[in-house]
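One structure is given here, and the rest of the page talks about it.
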Amino acid sequence: MPFKALKKEVRELIGKALNELGYPTVDFLVQEPPSLEFGELSSNIAFEIAKKMKRNPYEIASNIASKIMSFEKKLIKEVLVAQPGYLNFRVDKCKYFKTTIHHLLDKPGYSDIGKGKRVIVEHTSVNPNKALHIGHLRNVVIGDVIYRLLKYTNHEVIVLNYIDDSGAQVADIIVGFKFLGFPENPPKPNIKFDQYCGDYVYVKVNQIYSQDPRTENYRKIVLKELENPESEIYKFARNIIEKVLIEQLKTCSELNAYYDCLNFESHIIFSNTWKKIFEQLREKNLISYASEGKNAGCWVYKDESGQEKVIIRSDGTATYIAKDILYAAWKLGLVEDFFNYEKFFVQKNGKVLWRTTLSEGEKDHPTFNNAELAINVIDIRQAWLQSIISEILRKFVGKESDKKYIHLGYEVVSLSRDTAKEIGVEVGDKEFVHMSGRSGMYINADIVLEKLYKLSYDETKKRNPEADEKWLNEVAHSIAVSALRYSLIRQDLGKILVFDLKEALKLEGDTGPYLQYTYARAYNIIEKYGKLPKKVETFDKLVEDEEYILLIELSKISDKIEEATTKLQPNKIAEYAHKLCLYFNTFYEKHQVIHEKDESKREQRILLVYSFTKALKTLMELLGIEAHKRI
RNA sequence: GGGCUCGUAGCUCAGCAUGGAUAGAGCGGCAGCCUCCUAAGCUGUAGGUCGGGGGUUCAAAUCCCCUCGGGCCCGCCA
C-alpha cells in the first residue's frame with residue numbers, strides 16, 4: 001500500500017517537526033496537490049498553525065520544511081514551500097517506484113479492511129413477474145460490484161436475492177392466466193418466459209383493469225389465495241414464479257452476477273415468527289399503540305422526525321413493513337433462523353444457488369444470515385421506508401452493538417428523449433421519461449445485451465478476421481457485458497441515470513471496452529516479449545514524465561479500493577480504472593517498450609507494463625469485466 | 001402542505017464529506033497522427049456567469065441562508 005505508507009510518513013515527519021520546533025499540535029490535512037508539479041503530497045499545516053499563533057504561514061512552513069529536511073526519511077526525498085504557505089512533499093522516485101511495482105506484482109490493491117467481517121449484500125430483488133429491464137440492471141450491477149469489493153477486501157460476503165412472490169405484481173399475471181384467459185405458454189416458443197409474462201400478460205392485465213375496474217377484484221382474490229400455501233392458486237403461482245425466476249437469473253448470470261440464496265417473501269409470512277419480534281418491539285417501547293387520531297387502534301412507529309408509520313393494523317394484522325423488520329432482524333441474527341433451505345441449481349460460475357422452502361429442506365446448508373452488516377441495494381424511492389427500518393434496527397440492537405442495517409439507495413434509470421421516442425413513448429417537452437413496467441415503457445435488458453453483442457461481434461471480427469467462431473462469440477459477449485456493466489456503474493449512485501440506447505452502444509471513450517482494449521494492448525507487450533525479467537531491484541531508468549504519472553497513479557490503488565468499499569461508491573473504481581488507462585495509453589503512444597535498446601530500461605518498462613496489467617485486471621474483476629489477452 | 005434529492009462545457013459525468021494553488025474527463029466539433037509493441041488508440045484546439053442572489057472567510061463549485069428549475073417520497077394498498 002505504497003500511497004498510504006507515503007501519507008503516513010508525511011504525517012510522522014510533520015508531527016516530529018512540530019514537536020521539535022515547539023509548535024502547538026493542531027489538526028491538519030495531508031492531501032494530493034492539484035498538480036504533480038507541486039509534489040505528490042501537500043499539507044495545510046502551516047495555515048493551521050498560523051491561524052492559531054497569528055503568524056505568517058509562509059515563515060512557519062519554511063521552518064517546518066528545513067526541520068524535516070534534517071530528518072532521516074524513507075520514501076520522501078524533499079520538502080518544498082510554496083506560496084502562500086503550502087508544504088509540498090516529493091518522493092524518492094527510485095525507491096517509491098520499486099515499492100509500488102512490488103506491491104502490484106504481489107496483491108494489487110489488497111488491504112484487509114474487512115478482517116473477515118460477515119456481510120450480507122442483497123440486490124436484484126425484481127418482482128418475479130417480468131423480465132429485467134435496464135433499471136433493474138443498475139441494481140444488479142451495483143450490488144454485484146459491492147459484493148466484489150467487499151469480498152476482495154476480506155469480508156465474508158453472502159449475496160441474497162429477495163423474491164417478492166406474494167405481492168400485487170405476481171398476482172396480476174396470475175389473474176391473467178387464471179381469470180382472463182391468457183395462455184400459459186408464450187404464443188411463439190422462442191420468446192423468453194419472463195418477457196412473455198412482463199411484456200405481454202402483465203401489461204395487458206393492467207390495461208384490462210383500467211378499462212374495466214371490476215376486474216381488479218380478481219387481484220384481491222389472488223392475493224388472498226397467495227396467503228394460503230395449500231391453495232391451488234398458490235401452487236400454480238409457485239410454478240409460474242419459478243419459471244420466471246429461472247429466466248431472470250439467466251440474464252443476471254449473463255452479466256456475471258451470482259447469488260448464494262433466494263429468499264421468498266411468502267416464507268417469511270408463513271413462518272409466523274412475527275409475533276415474537278412484535279413482543280420485543282413493544283417491550284423496548286419502539287412501537288406504541290395509537291388510541292386516537294387517524295391511526296387509532298393501530299400499533300405505530302414514530303420516526304425521528306415525528307412521522308407515524310402503521311406497523312399493526314387496527315384489525316390486528318401486520319403491514320408489509322412489519323415483515324421487512326422481521327426480515328432485517330433475521331439478517332442480523334436477532335431472531336432464530338425461521339427459513340428452511342434447499343438447493344435450487346448450480347450456477348454458471350459453479351456456485352450452488354440455494355433457496356428458501358416450505359418443505360423440510362436440507363439440514364446441511366450454509367448459514368445465510370447472522371451478519372454484522374446488512375447492505376440492501378434498493379432504489380431511492382424506498383428511502384423513507386428503509387430509513388425507518390434502519391432506525392428501528394439501530395434502536396433494537398442497542399448502542400453497544402455494531403450490527404447495522406444499511407439501505408444503499410440509488411437513483412432510478414430513465415429513458416432519454418430519443419430512446420423513449422424510439423419505443424413509442426409520448427415525451428412532451430420532458431428531458432427524460434421514467435420507465436414503467438406496468439405500462440410497458442422500458443428497455444429490456446436482454447435486448448440491449450443482444451444489440452451490444454452484435455455490434456461487438458462485427459467489430460471484433462473486423463479486427464480479427466482469422467479468428468474462430470467460438471473465440472469471437474466469447475469475446476463479443478464479454479465486450480457487450482463490459483459495455484453494459486460499465487455504463488451502469490460509472491455514475492454516482494445519487495444521480496438519475498438517463499439511458500440512451502445510442503450512447504450505450506458506444507464502444508469507445510469512457511467505456512468498459514476501452515478498459516478491455518487497453519488491457520489487451522498492454523498484455524500484448526508482455527506476450528510479445530515472451531518472458532519476465534527476473535530480479536530487477538532498481539527502477540532508475542523510468543525517468544519519463546509519462547512513466548512517473550502512471551506509477552504515481554498506480555500507487556494509489558489500495559486507497560481507491562478502500563475508499564470505494566467503505567463509502568460504498570462503486571463508481572470510484574470505474575473512474576480510477578479509466579484514469580489509469582488514459583495514463584497508460586499516453587505512455588504507450590509515446591514510448592517503446594520491447595524495441596527499447598537499453599536492456600535495463602527495457603526490463604524496467606516491461607515490469608511497469610506488467611504491473612499495470614495486474615492492477616487493471618484487479619480493477620476489472622471488481623467491476624465484473626473480463627480481461628482478455630486479445631480482443 | 002411536509003420531507004428527500006439533483007442542477008458544473010453543446011451532451012454524459014468527476015470534483016463538494018475535510019474550503020486553499022491554473023475547475024477536470026469522456027462524447028460530439030475542428031485540425032492532425034498507423035513503413036514502429038492492437039488507431040476500440042493518441043496529440044492539438046475551441047468550448048465554463050460551477051442554476052441565481054446573499055452571507056461566512058485571507059480564500060467558496062465546496063460551508064450557511066434565501067431563491068429558481070428538474071425529479072422523487074409522504075395509505076391501516078403491496
Side-chain angles (χ1 to χ4, degrees), chain A residues 27-29 31 33-35 37-38 42 44 47 50-51 57 82-86 88 127 164 166-171 219-220 223 265 290 294-300 305-307 309-315 317-321 323 379-385 387 409 411-412 414 416 430-432 434 456 459-460 462-464 479 483 487 490-492 494-498 500 503 506-518 520-529 567 571-572 574-575 578-579 581-582 585-586 588-596 605 609 630-631:
Chain A
D27 283 342
F28 61 93
L29 296 172
Q31 41 189 187
S35 156
E37 285 167 40
F38 302 113
S42 85
N44 67 343
F47 296 108
K51 209 180 278 175
Q83 283 292 358
Y86 291 102
N88 293 331
N127 278 299
D164 181 0
S166 49
Q169 297 206 16
V170 162
R219 183 204 264 168
K220 285 193 186 132
L223 279 171
E265 177 170 271
K294 65 178 172 125
N295 294 328
C298 303
W299 285 88
V300 300
S305 64
Q307 287 200 80
K309 187 78 203 162
V310 173
I311 309 289
I312 304 289
R313 301 187 189 99
S314 53
D315 67 1
T317 57
T319 59
Y320 78 99
I321 196 174
K323 170 213 72 206
D379 81 52
I380 209 150
R381 290 174 297 191
Q382 301 247 15
W384 184 56
L385 281 161
S387 78
E411 260 291 2
V412 294
S414 340
S416 72
K430 296 198 169 199
E431 293 295 318
F432 57 85
H434 286 301
S456 334
E459 192 63 35
T460 313
K462 198 160 55 182
R463 288 152 189 276
N464 302 279
I479 291 173
S487 69
R490 63 181 278 266
Q491 188 165 326
D492 187 275
K495 281 184 178 165
I496 293 177
L497 198 155
V498 179
D500 184 85
E503 206 64 41
K506 288 216 168 103
L507 306 176
E508 299 150 29
D510 190 4
T511 63
Y514 175 68
L515 307 186
Q516 291 177 304
Y517 173 72
T518 308
R521 231 184 176 193
Y523 199 87
N524 201 238
I525 293 176
I526 307 300
E527 208 160 60
K528 284 234 162 95
Y529 195 61
K567 289 158 84 176
N571 57 315
K572 291 272 191 281
E575 195 195 336
H578 178 242
K579 196 169 180 185
C581 287
L582 283 175
N585 280 317
T586 309
Y588 180 96
E589 300 274 345
K590 205 159 171 186
H591 305 287
Q592 289 288 317
V593 180
I594 53 185
H595 301 303
E596 168 60 45
R605 280 192 177 159
V609 173
R630 183 180 182 83
I631 68 167

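The sequence lines fix the lettering, A, B, ..., with proteins before strands; numbering per chain opens at 1. These values consider heavy atoms only, across backbone and side chains, with no hydrogens, waters or symmetry-generated copies. Please read these numbers as outputs of a predicted model, since none were measured by experiment.
Side-chain contact between A/Ile311 and A/Ile321 is present, with heavy atoms from C-beta onward closer than 4.5 Å. Residues A/Tyr529 and A/Val609 have side chains not in contact (no heavy-atom distance under 4.5 Å, counting atoms from C-beta outward). A/Gln169 has its side chain out of reach of A/Asp164: every pair of non-hydrogen atoms, C-beta onward, lies at least 4.5 Å apart.
Counting any heavy atom pair closer than 4.0 Å across all strands shown, A/Ile496 reaches sugar-phosphate atoms only and no base atom. Residue contacts for A/Thr518: at a heavy-atom cut-off of 4.0 Å it reaches no nucleic acid atom on any strand shown. Counting any heavy atom pair closer than 4.0 Å across all strands shown, A/Asn585 reaches sugar-phosphate atoms only and no base atom. Within the nucleic acid shown, A/Ile526 has no heavy atom closer than 4.0 Å to any nucleic acid atom. The residue A/Ile479 sits close to a base: some heavy atom pair falls under 4.0 Å. Contacts of A/Val310 with the nucleic acid, taken as non-hydrogen atoms under 4.0 Å apart, involve only primed sugar atoms and P, OP1 or OP2. Nucleic acid contact for A/Asp27: none, since no nucleic acid atom lies under 4.0 Å from a heavy atom of the residue. Nucleic acid contact for A/Asn88: base, since at least one base atom lies under 4.0 Å from a heavy atom of the residue. No contact: A/Pro84 has no heavy atom under 4.0 Å from any strand. A/Ala520 comes within 4.0 angstrom of a base, heavy atoms only. At a threshold of 4.0 angstrom between heavy atoms, the contacts of A/Ala574 with the nucleic acid are absent.
Checked by distance alone, A/Tyr320 brings a side-chain donor or acceptor within 3.5 Å of a matching partner on the base of B/rA78. Below the 3.5 angstrom threshold, one finds no donor paired with an acceptor across the side chain of A/Thr319 and the base of B/rC76. If you check distances only, the side chain of A/Arg463 does reach the base of B/rA40 with a donor-acceptor pair under 3.5 Å. At a cut-off of 3.5 angstrom, counting only N and O atoms as typed in the model, there is a donor on one side and an acceptor on the other between the side-chain of A/Lys567 and the base of B/rA17. Between the base of B/rA40 and the side chain of A/Ser456 there is no donor-acceptor pair shorter than 3.5 Å.
Candidate nucleotides B/rA40, B/rC42, B/rC6 were compared by shortest atom distance to the side chain of A/Lys495, and B/rC6 ranks first. Among the nucleotides B/rG15, B/rA25, B/rA21, the one closest to the side chain of A/Pro34 is B/rA21.
Nucleotides B/rA21 and B/rC42 place their P atoms 28 Å apart, quoted to the nearest Å. If you take atom C1' in B/rC58 and the same atom in B/rC13, they sit 33 Å apart, rounded to whole Å.
Remark: P of B/rC76 and NZ of A/Lys294 are 5 Å apart, rounded to the nearest angstrom. As rounded to whole Å, 13 Å separates atom C1' of B/rG41 from atom CD1 of A/Ile525.
In this structure, A/Arg463 pairs ionically with A/Glu459, as a charged nitrogen and a carboxylate oxygen lie closer than 4.0 Å.
Here A/Phe38 lies parallel enough and close enough to stack on the base of B/rA21, with planes under 30° and ring centres under 5.5 Å apart.
Among the candidates A/Val498, A/Asn571, A/Leu497, A/Ile496, the single residue satisfying the side-chain contact (heavy atoms from CB on, under 4.5 Å) test with A/Gln491 is A/Leu497.
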